[in-house]
Every structure is written in structure tokens, then in C-alpha cells.
Amino acid sequence: MAKSYDYQSAFDIIGPVMMGPSSSHTAGAVKIGNSARAVLGDMPKTLEIHYYESFAKTHQGHGTDVAVVGGAMGYSTFDSRIKSALDIAKDENIDVDIIEEDGESIGQHPNCAYIKANSESGRHIEVIGISIGGGTIKLKGINVNGLEVEINNGLPMLEIDGEMDKAQVNHLINDMTDMEIDFGDETVKTSDNNGLVVLPLNKAISESTLNKIREKYSDLNVSYIN
């Protein structure tokens, strides 16, 4: 099994090109929002955002609110619309609820956001993310329509869900190996012929490879979180 690192390069430590003021509270928060958007696969209709510890105490002053919401709407860390994300969400009739939680972080890290999102189509997802510095994040949990996995992985990763039993899940994972996708230990949850698979990637995949996966598994939801 390949060894996993929180930081892949010096650029992860320095941080990304971004709207300020903080790589941890702004850039990392955007990426947590981006992760929720990737799993949802659509513009959110509702966003319920729970903050813990440091995020709960400083989210307004550090721009975490606009960062998470902007990320959930698909904005990058350097998108100028980030600063107006809350106003844009209101104009787009996206219902945003921000909750400051007491007590210890459910992500075992002070910079933690727990996002619950719904799409217009009725898809419900939940993502727990932590910002560990330099704009780098790790995801601690993913829930899709009631199927939930606990993880502890940095980006990139593939999240695949839909109607599939254990045998089909195993076939899917074998296919990823045959397609030379470089991934670590998979995390899987199945129930009532529905499956959720998370594959932490050891290196990024190309757009053509992603399109190939989506074409082959057009009956499933395939999310590339990067």
C-alpha cells in the first residue's frame, strides 16, 4: 500500500492562489465547500453548515462563511465571487444555515466544517472536512442519501455511489485497478442494493480518464474530488 502524505508538495504548505485572508480559514474552507459540491453533483438548494472549535469562533472574521458557501457553489479559491458568495446564494434562492457548535470537533481538528446539502433533484449529501493548513484539507466523512463512511484522507479522491450490491462494488474496484487508477485502500458501504465507494487517489487522474469512468458507469454517480 502506498504511503499517504498530508502534503504532496511545497506548494501545499505555502498555500494556493486565493482570495484572503487565511489559507486555513479561507482557502481550505473553499476546498471543503468544493468537496461538498463535487459529491452533490449539482448546485445546492439548501446548505446547512456546522462549525467546530476554531471555525466556530472565527468563521465570520476570517471569511470562512463566504469561502464554504462559495466553494459549495463551485467557485475556486481565487474566484473573485467568493467575497460575495452569501449574497449570491441569497439571490439564487439557496437556503444557507450556519451553526456554531460547542464542544470538541467531530473531525478531531479545530478547523472543521460539517456540511449538509440538498439538490433540487432531492439528492442529500453530508461531508465532514478539516482544513489542516496551507489550503490543504482532509475529508473525515461522507454521507450520500443515508449511506455513510468514515474516512481520513486528503485529496484527490473518487466517490462513486448508486444502485449496486457487494458483488458489483467488487467488480467496480477491480475495474479501477484494470484502468490503472492509482488508489489506496477503498472505503465501502452497502445497504439494500445501494453502494457508496470512496477511493483515495495517490495521484490525480486526467479528464479523459474521468470521462471514461463516467461513460462506463453512466448509471452511477461518479464524483472526482480534487
Side-chain angles (χ1 to χ4, degrees), residues 6-7 11-40 42-119 124-143 151-157 223 225-226:
D6 290 343
Y7 299 101
F11 294 104
D12 290 338
I13 300 171
I14 296 169
V17 177
M18 64 176 188
M19 304 298 293
S22 164
S23 62
S24 295
H25 288 69
T26 309
V30 171
K31 290 185 178 181
I32 295 172
N34 287 159
S35 299
R37 170 59 184 264
V39 177
L40 187 64
D42 201 355
M43 185 68 81
K45 182 65 177 175
T46 66
L47 284 171
E48 183 180 306
I49 304 164
H50 298 251
Y51 292 131
Y52 296 85
E53 296 189 23
S54 178
F55 269 10
K57 295 176 181 176
T58 65
H59 62 96
Q60 291 180 320
H62 283 182
T64 308
D65 296 346
V66 293
V68 171
V69 173
M73 292 193 292
Y75 303 161
S76 69
T77 56
F78 53 86
D79 195 315
S80 62
R81 292 174 294 177
I82 289 288
K83 293 182 178 180
S84 304
L86 288 172
D87 292 331
I88 296 172
K90 184 176 181 180
D91 291 341
E92 295 292 331
N93 294 317
I94 300 172
D95 183 21
V96 177
D97 187 16
I98 296 173
I99 300 164
E100 299 172 356
E101 296 286 0
D102 296 323
E104 295 184 356
S105 166
I106 60 173
Q108 294 81 50
H109 192 281
N111 299 332
C112 178
Y114 174 21
I115 303 173
K116 301 179 182 182
N118 294 284
S119 70
H124 174 78
I125 67 96
E126 300 177 11
V127 168
I128 300 171
I130 60 173
S131 177
I132 62 176
T136 300
I137 72 165
K138 296 179 79 173
L139 298 187
K140 306 289 285 188
I142 296 176
N143 182 317
I151 54 177
N152 184 30
N153 299 105
L155 307 185
M157 67 178 67
S223 301
I225 311 171
N226 65 343

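Index from 1, following the sequence. For the numbers below, each heavy atom of this structure counts, side chains included, while hydrogens, waters and symmetry mates do not. The shown structure was predicted, so the numbers you read here are calculated from the model rather than taken from an experiment.
- Contact check for Glu126 versus Ile128: no side-chain heavy atoms found under the 4.5 Å cut-off.
- Using a 3.5 Å distance cut-off with no hydrogens or angles, the side chains of Lys140 and Asn152 do pair a donor with an acceptor.
- The shortest side-chain heavy-atom distance between Glu48 and Asp95 does not fall under the 4.5 Å cut-off.
- When side chains are defined from C-beta on, Phe55 does not count as touching Val68, because their heavy atoms never get closer than 4.5 Å.
- No side-chain heavy atom of Asp65 sits under 4.5 Å from any side-chain heavy atom of Val96.
- Side-chain contact between Ile225 and Val39 is present, with heavy atoms from C-beta onward closer than 4.5 Å.
- A donor-acceptor pair is defined here as one N or O able to donate and one able to accept, closer than 3.5 Å; such a pair exists between the side chain of Asn111 and the backbone of Ser131.
- Considering every non-hydrogen atom in both Ala117 and Pro44, the closest pair reads CB-CB, 4.5 Å.
- For the pair Ile98 and Tyr51, the minimum side-chain heavy-atom distance is below 4.5 Å.
- Atom CD1 in Ile115 sits 13.5 Å away from atom CG in Asn143 (nearest 0.5 Å).
- Of all non-hydrogen atoms in Val66 and Lys83, the two that sit nearest each other are CG1-O, 3.9 Å.
- Looking at Asn34, its side chain does come within 3.5 Å of a backbone N or O of Tyr75 through a donor-acceptor pair.
- Formation of a donor-acceptor pair under 3.5 Å by the Ser105 side chain with backbone atoms of His109 is found in this model.
- In this structure, CZ in Arg81 is found 8.0 Å from OG in Ser76, a value given to the nearest 0.5 Å.
- The 12-atom threshold is exceeded at CG of Asp91, counting heavy atoms of other residues, nucleotides or ligands nearer than 6.0 Å.
- If you take CE on Met73 and CE on Met43, they are separated by 6.5 Å, rounding to the nearest 0.5 Å.
- In this structure, CD on Glu92 lies 9.5 Å from NZ on Lys45, to the nearest 0.5 angstrom.
- In this structure, the side chains of Asn153 and Leu139 stay at 4.5 Å or more apart for every pair of heavy atoms.
- Considering all non-hydrogen atoms of both residues, Ile82 and Gly70 come closest at CD1-CA, 3.9 Å.
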Exercise for review: Let me see the working for Ile49 and Val69 under side chain to side chain contact (heavy atoms under 4.5 Å, CB included), right down to the final yes or no.
Suggested key: CA-CA 9 Å; Ile49 304 164; Val69 173; 3.8 Å; yes
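- The two residues Cys112 and Ile106 have their closest heavy-atom pair at SG-CG1, 4.2 Å.
- Closest approach of Ala29 to Ala67, counting heavy atoms only: CB-CB, 3.7 Å.
- Contact between Ser35 and Ile137 at its shortest, heavy atoms only, is OG-CD1, 3.6 Å.
- Side-chain atoms of Thr58 come within 3.5 Å of backbone N or O of Ser54 as a donor-acceptor pair.
- Between Glu100 and His50 there is no side-chain heavy-atom pair separated by less than 4.5 Å.
- Here the CG-CG distance, from Asp42 to Asn118, works out to 11.5 Å after rounding to the nearest 0.5 Å.
- The distance from atom CD1 of Ile151 to atom CD1 of Ile142, rounded to the nearest 0.5 Å, is 4.0 Å.
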